[in-house]
Student: 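I'd like to ask some things about the structure below.
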Amino acid sequence: MSGVSGEQSDTRQESNWSRNYSYRGQVVRPDSLDAVRQLISNSAKVGFLGSRHSFNAIADSDVLVDMRSLPQSIEVDLDRGTATVSGGTTYGTLALELDRHGMALANFASLPHITVAGAIATGTHGSGTGNGGLGTSVSSLEIITAEGNSVHVKRGSPDFNGCVVGLGALGAVVSVGIDIEPAYTVRQFVVQDVPWSTLIVELRAVMGSAYSVSLFTRWADSVTQAWVKQRVAGDSAPLHPALSAGRSAERDLHPVGDLDTANCTPQLGLEGPSFDRLPHFRIGFTPSAGAELQSEFLLDWSAATEAVEAMRAIGDRIRPALLISELRAVAADQLWMSPSYARDSLAIHFTWRPEPELVRSALTVIESVLLPLGARPHWGKVFLAGNEQLRDQYPKLDDFSALAERLDPRHAFRSGWLEQHVFGSSQR
Ligand SMILES: Cc1cc2nc3c(=O)[nH]c(=O)nc-3n(C[C@H](O)[C@H](O)[C@H](O)COP(=O)(O)OP(=O)(O)OC[C@H]3O[C@@H](n4cnc5c(N)ncnc54)[C@H](O)[C@@H]3O)c2cc1C
């Protein structure tokens with residue numbers, strides 16, 4: 001793009017974090033909101049990039065606005081319990097700034113290096129039966145829509161629940177209000193080799209036995225590691241009895257197994273700030289690219305046992321591609337396109353070897369057993385299902401389509417990927 005002030009463009013082909021996807025669009029780096037408005041107004045097809053941690057083409061378009069190039073801001077309002085941040089701010093940067101004010105976030109994804117706007121756009125979540133996805137902490141948004149105008153929505157306003165998990169389809173999210181709370185400390189314990197035979201009957205109770213629980217497995221006979229994250233004040237229950245069938249780890253562990261733990265958050269029950277315990281990986285260690293792919297499917301808890309049994313039955317078939325699976329809990333929310341919309345969910349995650357063909361074969365098998373159980377894929381990870389298979393899982397899809405039509409009547413933000421997986425094909 002030329003002729004737009006305050007903007008730099010780059011004609012090299014650029015890729016996502018895991019380097020499994022090369023953006024076909026031209027990346028532009030505006031340095032002001034006015035430049036973003038002009039870029040949007042002057043582009044037939046335009047999309048937005050956060051920290052590029054999505055594993056599919058969700059962010060791609062002809063013109064790609066790198067939202068991290070805008071001036072970043074964090075305003076902390078202690079009286080209202082809110083931080084208002086620029087969309088390209090990462091959770092790590094935000095958490096450290098909040099800590100300076102004695103404040104904290106309710107939860108984190110597994111790593112804090114992702115941007116706020118990019119994370120909420122795809123329904124990113126951490127774990128905890130009482131914790132909604134990261135979007136549930138959002139209280140307001142400012143979005144620049146297809147005509148270059150700003151739209152402000154806040155919790156309670158009619159469009160709000162449609163805007164948070166916006167899939168990049170509504171416009172540039174330039175400002176996000178987020179609920180904050182007084183800083184708190186967390187300790188995490190890891191228990192190794194808990195037999196599935198003990199866990200399966202107590203799965204929901206184990207997942208709800210601490211503020212945030214993650215179970216790692218390769219779908220053989222055991223959960224290889226259970227990560228239990230307790231809030232030090234108010235979460236002092238002993239470990240769930242079902243975990244006593246395993247053994248307590250005696251050193252810090254990496255979820256994948258025998259990997260370097262330098263970038264893992266401290267374990268062994270050592271108390272520390274929430275931002276250094278709730279993510280699995282530490283703020284200070286930012287991997288620029290990763291040798292892995294990821295997929296994830298969220299299921300209503302009523303289908304959880306059947307889903308886990310089904311996964312164990314196909315374990316042999318997916319294991320060649322699998323580094324590790326992780327089970328997390330996500331509380332129901334009201335965000336229209338959230339994978340945990342209106343249902344308390346079990347999230348079944350897969351970290352794959354970076355081998356796309358093996359992953360595709362594994363996903364064919366996984367989707368054949370999980371989609372009939374009502375699974376909703378994580379929007380930012382690798383999956384195969386298209387709009388026809390997914391639309392029945394999203395009761396508010398028609399409302400979301402109408403909202404997108406209103407904010408983007410010329411379909412500037414509507415990519416082929418969005419048509420294939422979300423909206424269905426359009427005539428334009
Ligand atoms: C190592 C790793 C660990 C992960 N861990 C987790 C996890 O624990 N839990 C989980 O749920 N997910 C996890 N993810 C997935 C990740 O959280 C999502 O893919 C998330 O969307 C990444 O945010 P991003 O800033 O990189 O967004 P991008 O990948 O850059 O973009 C994602 C979407 O957001 C849109 N977008 C980005 N910024 C803006 C903006 N300012 N305005 C409008 N739209 C915007 C893009 O257009 C695109 O549609 C992980 C991914 C990786 C690589």
Side-chain angles (χ1 to χ4, degrees), residues 14-21 23 25 27 30 33 36 40 46-61 64-70 72 85-92 107-127 133-135 141-145 163-176 212 214 255-256 263 278-281 285-296 298 323 326 328 330 337-340 345 347 349 351-352 354 377-382 407-408 413 415 417-418 421-422:
E14 300 200 35
S15 64
N16 63 347
W17 174 87
S18 58
R19 302 209 176 116
N20 70 309
Y21 185 81
Y23 301 112
V27 177
L33 291 188
V36 174
I40 291 175
V46 56
F48 310 100
L49 287 177
S51 57
R52 308 178 183 200
H53 279 62
S54 294
F55 293 87
N56 59 34
I58 187 170
D60 209 356
S61 188
L64 283 169
V65 183
D66 187 337
M67 298 300 285
R68 290 177 306 174
S69 68
L70 291 164
Q72 304 296 319
V85 306
S86 45
T89 307
T90 65
Y91 277 95
N107 209 358
F108 289 86
S110 65
L111 83 181
H113 311 122
I114 48 179
T115 71
V116 169
I120 63 172
T122 61
T124 289
H125 59 88
S127 191
L134 301 186
L141 294 169
E142 179 185 352
I143 305 174
I144 300 180
T145 64
C163 287
V164 179
V165 182
L167 307 175
L170 307 178
V173 173
V174 294
S175 173
V176 185
S212 172
S214 287
V256 175
N263 63 350
L278 291 175
H280 303 327
F281 301 105
F285 290 78
T286 311
S288 58
E292 64 183 61
L293 298 174
Q294 295 184 8
S295 304
E296 188 167 32
L298 281 78
L323 286 170
E326 177 181 4
R328 285 182 282 186
V330 191
M337 296 309 291
S338 163
S340 40
S345 302
H349 162 95
T351 301
W352 304 114
H378 188 304
W379 294 116
K381 301 186 180 181
V382 187
L407 300 187
D408 180 23
F413 310 131
S415 64
W417 190 95
L418 285 170
H421 296 284
V422 181

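In each ligand, atom 1 is the first atom listed, and ligand 1 is the first ligand listed. Source: prediction; values computed, not measured.
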Student: May I ask you to check whether Ser214 and Glu326 show a side-chain donor-acceptor distance below 3.5 Å?
Tutor: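 Note: Ser214 and Glu326 side chains meet the donor-acceptor criterion.
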
Student: What closest approach, in Å, do Trp352 and Leu323 show between heavy atoms, and which atom pair accounts for it?
Tutor: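 Closest pair (atom of Trp352, atom of Leu323, distance): O-CD1, 3.5 Å.
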
Student: Around ligand 1, what residues show up once you keep those with a heavy atom under 4.0 Å from it?
Tutor: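 Correct list: Trp17, Phe48, Leu49, Gly50, Ser51, Arg52, His53, Ser54, Phe55, Ile58, Ala59, Met67, Ala109, Ser110, Leu111, Ile114, Thr115, Ala117, Gly118, Ala119, Ala121, Thr122, Thr124, His125, Leu167, Gly168, Gly171, Ala172, Val173, Glu292, Gln294, Arg328, His378, Gly380, Lys381.
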
Student: Does any donor atom in the side chain of Gln294 or Glu296 lie under 3.5 Å from an acceptor atom in the other side chain?
Tutor: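 Glu296 and Gln294 do not have a side-chain donor-acceptor pair below 3.5 Å.
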
Student: Do the side chain of Thr124 and the main chain of Ala119 share a donor and acceptor less than 3.5 angstrom apart?
Tutor: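 Here the side-chain-to-backbone pair exists.
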
Student: Apply the side-chain contact (heavy atoms from CB on, under 4.5 Å) test between Ser51 and each candidate in His113, Met67, Arg68; give the one that qualifies.
Tutor: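 Exactly one option meets the side-chain contact (heavy atoms from CB on, under 4.5 Å) with Ser51, and it is Arg68.
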
Student: Can you tell me how far CZ of Phe281 sits from CG of Asn263, rounded to the nearest 0.5 angstrom?
Tutor: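 Output value for this atom pair is 6.0 Å.
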
